[in-house]
Every structure is written in C-alpha cells, then in structure tokens.
Amino acid sequence: MNTLSVIIPTYNEFSYIEDAVKSVDFADEIIVIDSFSTDGTKEKAIALGCKVLERKFDNFSNQKNHAIAEVTGDWVLFLDADERVTQKLKFEILDVMENGKHSGYKITFPHFYMNRFLYHKVDRVVRLVKNKNIQFTGDVHEKLHVDGSIGTLQNFMIHYTYKGLSHLLQKKDSYAWFQANTSHKKGKKATYFHLIFKPFYRFFSSYILKRGFMDGVPGLALASVNAYGVFSRYAKILLIEKDLK
C-alpha cells in the first residue's frame, strides 16, 4: 500500500492548524514547514504529532522544496493551513494513490468569501503528486513540476480564503510586492496603460467571463478585490522603476 505525506506551510496559523491537521489524519506523515511563527503555531503542530521544520521565509517555492527533501511517503499532498480535506476527497485521494493512472492530480478549490462558498469562482491546482522528481519554481503562485501526466480529482477542497477584508487586502499587497520584484528581475516593464487596463480586465474576467455575477454580492466584492490586487502589483512595479531612476 502506498504511503502519503502531507506538507503544510505556516506562519502564525494557530487558529487554523488544528483543523487542517485533523482533516488529513489519514496521512502517514504530516510535515509543517513554519516560518518562525510567533503565535504558538509550531508548538501546536508538535502537540498534534506533526514533524515541524523551521525556515526563514524567502519565497513559497523554496519553503516547499525544503520540506520535499524531508518527505518519506510515496505520494505528497500539499495543504495550506486554511484548507480542509473533505471525507469524499479523502477517499478519492486514497483510491487514486492505489489505482490512479496519473503522476499528479489537480484539486478544485471553490472560494469561501463572506460566509459562503463561491462555486463560480474556483481554482484548480496540482496538489497531489507522486514523490518522484517534484520541484516548485516561482516566487508567488509557484508552479509544481511533475514527471508524468496530470489528472483532476472530482471532489473539491474546502478553502477558507476569507479572514476579513483587511487580511485579504494585506495578502493582496504582500503578493503584489513579490510579483513586482519578480517581474522587475525578469526585465518586465509596466506602463500606466497596464495600471488601468490590467485591473479592469481582471475584474471583467472574474465577474463576467468566469460568471462571478452568479455568486451575487460576494462575487462582485471578490472580483473587485482581485482587480485591486492587479492594480497594486503594477503600481509597485512603477514604484520600483521610479526609485531606480
């Protein structure tokens, strides 16, 4: 029987980590890669029986790659502290580990926003993979490279994305700085056209093309916040360029 390791990156996730760990209690190994939390996350994870690694955060790929080096399972599931594996997803994971035809699987994440799940705003991300030559690249929205074909699981992952508007805006700003610095290192330029058009298109894509309007007021609010995140990114690229002149 194949074994499963779970990797959970954390920073100050004390109020979330226990439920995340309990949702994957069927795993053979749970590794928490912590960025020196100050709220007791590390101690809580140890008490829950997790293997805890500590590493100063530089980017998301390096954090996860550091944990991958410690994995002993045949398969690896990547889980964030604000995510939960449902019972249906659990049984599907166990099934494909033994009978699946692919080397990795995407999992669907409906967004949780303003106390409801937005089923017209979903992400599909590779999260379950065979432990063979796997590696992340990219500073933000990191990409997982897998040897072999990728399938998609039918059951979704619960993702409590919304912890309050201020937290969400802070998260968007944090990501924006990472993305801006990455774009600058790659020599990508930003213009005021990008600053106006890109946020508008993100809103249009989220709210119209991806049918966010069918999720009512939460869909409208989330599309607006996503547009703000894009605006923040290009604004920061322009700031970096201005400071270097």
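Because only heavy atoms are used, hydrogens play no part in the values below, and waters and symmetry mates are left out as well, while side chains stay in.
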Inset, instruction - Classify the side-chain pair Ser35/Gln63 by whether it contains a donor and acceptor separated by less than 3.5 Å. - result: yes

Inset, instruction - Indicate whether the side chain of Lys90 and that of Thr86 have a donor and an acceptor atom separated by less than 3.5 Å. - result: no

Legend entry - Presence of salt bridge, Glu13 and Lys44, under 4.0 angstrom: no

Inset, instruction - Give a yes-or-no answer on whether the side chains of Asn59 and Ser61 include a donor-acceptor pair shorter than 3.5 Å. - result: no

Legend entry - Separation between CG of Leu195 and CZ of Arg233, rounded to the nearest 0.5 Å: 11.5 Å

Inset, instruction - Give the cluster check for Val146 versus Leu153: same hydrophobic cluster or not, with ILVMFWY residues linked at side-chain heavy-atom distances below 4.5 Å. - result: no

Legend entry - Heavy-atom check, side chain of Met157 versus side chain of Arg84, under 4.5 Å: no

Legend entry - Gap separating the CZ atom of Phe203 from the CZ atom of Phe231, nearest 0.5 angstrom: 15.5 Å

Legend entry - Residues, nucleotides or ligands: over 12 heavy atoms within 6.0 Å of Phe200 CZ: no

Inset, instruction - Report whether Ile30 and Phe26 are members of the same hydrophobic cluster (ILVMFWY, side-chain heavy atoms less than 4.5 Å apart, transitive linking). - result: yes

Legend entry - Donor-acceptor contact present, side-chain Glu98 to main-chain Met1, <3.5 Å: no

Inset, instruction - Look at Lys88 together with Glu92 and state whether they make a salt bridge at an N to O cut-off of under 4.0 Å. - result: no

Inset, instruction - Name all residues meeting the ring-ring contact (aromatic ring centres under 6.0 Å, His included) criterion together with Tyr228; count only those two or more places apart in sequence or in a different chain, and write none if there are none. - result: none

Inset, instruction - Return yes if some donor-acceptor pair links the side-chain N/O of Asp39 with the main-chain N/O of Phe14 below 3.5 Å, else return no. - result: yes

Legend entry - Sole residue of Arg55, Lys51, Lys64 in salt bridge (charged side-chain N to carboxylate O under 4.0 Å, His left out) with Glu70: Lys51

Legend entry - Nearest heavy atoms of Leu4 and Asp28, plus distance in Å: N-OD2, 2.7 Å

Inset, instruction - For residues Phe136 and Phe78, establish whether the separation of their ring centroids is below 6.0 Å. - result: yes

Inset, instruction - List the atom of Leu53, the atom of Ala67, and the distance in Å for their closest heavy-atom pair. - result: CD1-CA, 3.9 Å

Inset, instruction - Taking the side chain as every heavy atom from C-beta outward, state whether Arg127 and Asp80 have any atom pair closer than 4.5 Å. - result: yes

Legend entry - Flag side-chain contact, heavy atom, 4.5 Å: Asp123 against Thr108: no

Inset, instruction - Evaluate side chain to side chain contact (heavy atoms under 4.5 Å, CB included) for Val129 paired with Tyr105, printing each intermediate quantity in order. - result: CA-CA 6 Å; Val129 294; Tyr105 290 89; over 6 Å; no

Inset, instruction - Side-chain contact test, heavy atoms from C-beta onward, threshold under 4.5 Å: evaluate it for Thr41 versus Asp34 and give yes or no. - result: yes

Inset, instruction - Could you tell me the separation between the CD1 atom of Ile240 and the NZ atom of Lys189, rounded to the nearest 0.5 Å? - result: 11.0 Å

Inset, instruction - Examine Ile208 and Leu220 and state if one hydrophobic cluster contains both, with Ile, Leu, Val, Met, Phe, Trp and Tyr joined whenever side-chain heavy atoms are less than 4.5 Å apart. - result: yes

Legend entry - Cluster link Leu128 to Leu79, ILVMFWY, side chain under 4.5 Å: yes

Legend entry - Residue pair Asp215 / Phe213, side-chain heavy-atom distance below 4.5 Å: no

Legend entry - Minimum side-chain heavy-atom gap Thr137-Glu142 below 4.5 Å: no

Legend entry - Residues which pass side-chain hydrogen bond (donor to acceptor under 3.5 Å, both in side chains) with Asp95, listed by chain and number, not counting sequence neighbours: Asn99

Legend entry - No-hydrogen, no-angle side-chain donor-acceptor test under 3.5 Å, Asp74 and Thr3: yes

Inset, instruction - Please indicate whether Gln154 has more than 12 foreign heavy atoms, meaning atoms of other residues, nucleotides or ligands, lying under 6.0 Å from its CD. - result: no

Inset, instruction - Carefully, step by step, assess His102 and Ile150 under the rule side chain to side chain contact (heavy atoms under 4.5 Å, CB included). - result: CA-CA 6 Å; His102 301 286; Ile150 302 295; 5.9 Å; no

Inset, instruction - Could you tell me whether the side chain of Leu222 reaches within less than 4.5 Å of the side chain of Asn226, counting heavy atoms only? - result: yes

Legend entry - Aromatic plane relationship, His159 with Phe109 - under 30° parallel, 30 to 60° tilted, over 60° perpendicular: perpendicular

Inset, instruction - Please report the C-alpha distance between Ser205 and Lys210 in whole Å, then the side-chain angles of each, then the deciding distance to 0.1 Å, and finally whether the side chain to side chain contact (heavy atoms under 4.5 Å, CB included) criterion is met. - result: CA-CA 6 Å; Ser205 175; Lys210 296 181 179 179; 3.8 Å; yes

Legend entry - Derivation of the side chain to side chain contact (heavy atoms under 4.5 Å, CB included) call for Lys56 and Phe36: CA-CA 7 Å; Lys56 183 178 179 180; Phe36 293 97; 4.3 Å; yes

Inset, instruction - Looking only at non-hydrogen atoms, find the nearest pair between Ala81 and Ala20 and report the distance. - result: O-CB, 3.5 Å

Inset, instruction - Run through Val32, Val24, Val85, Asp25 and flag the one making a side-chain contact (heavy atoms from CB on, under 4.5 Å) with Val6. - result: Val24

Inset, instruction - Indicate the ring-plane relationship of Phe197 and Tyr201, choosing parallel, tilted or perpendicular according to the 30° and 60° boundaries. - result: parallel

Inset, instruction - Assess the side chains of Glu29 and Ser5: does a donor N or O sit below 3.5 Å from an acceptor N or O? - result: yes

Inset, instruction - Starting at CD1 of Ile68, measure out to CG of Leu144 and round the result to the nearest 0.5 Å. - result: 6.5 Å

Legend entry - Spacing of CG belonging to Asn12 relative to NZ belonging to Lys42, to within rounding of 0.5 Å: 13.5 Å

Legend entry - Separation of Ile33 CD1 from Cys50 SG (nearest 0.5 Å): 12.5 Å

Inset, instruction - Flag yes if Met97 and Leu77 sit in one hydrophobic cluster, no otherwise; membership is Ile, Leu, Val, Met, Phe, Trp, Tyr, and two members link when side-chain heavy atoms are under 4.5 Å apart. - result: yes

Inset, instruction - Would you mind reporting whether Asp147 and Ser103 have side-chain heavy atoms less than 4.5 Å apart? - result: no

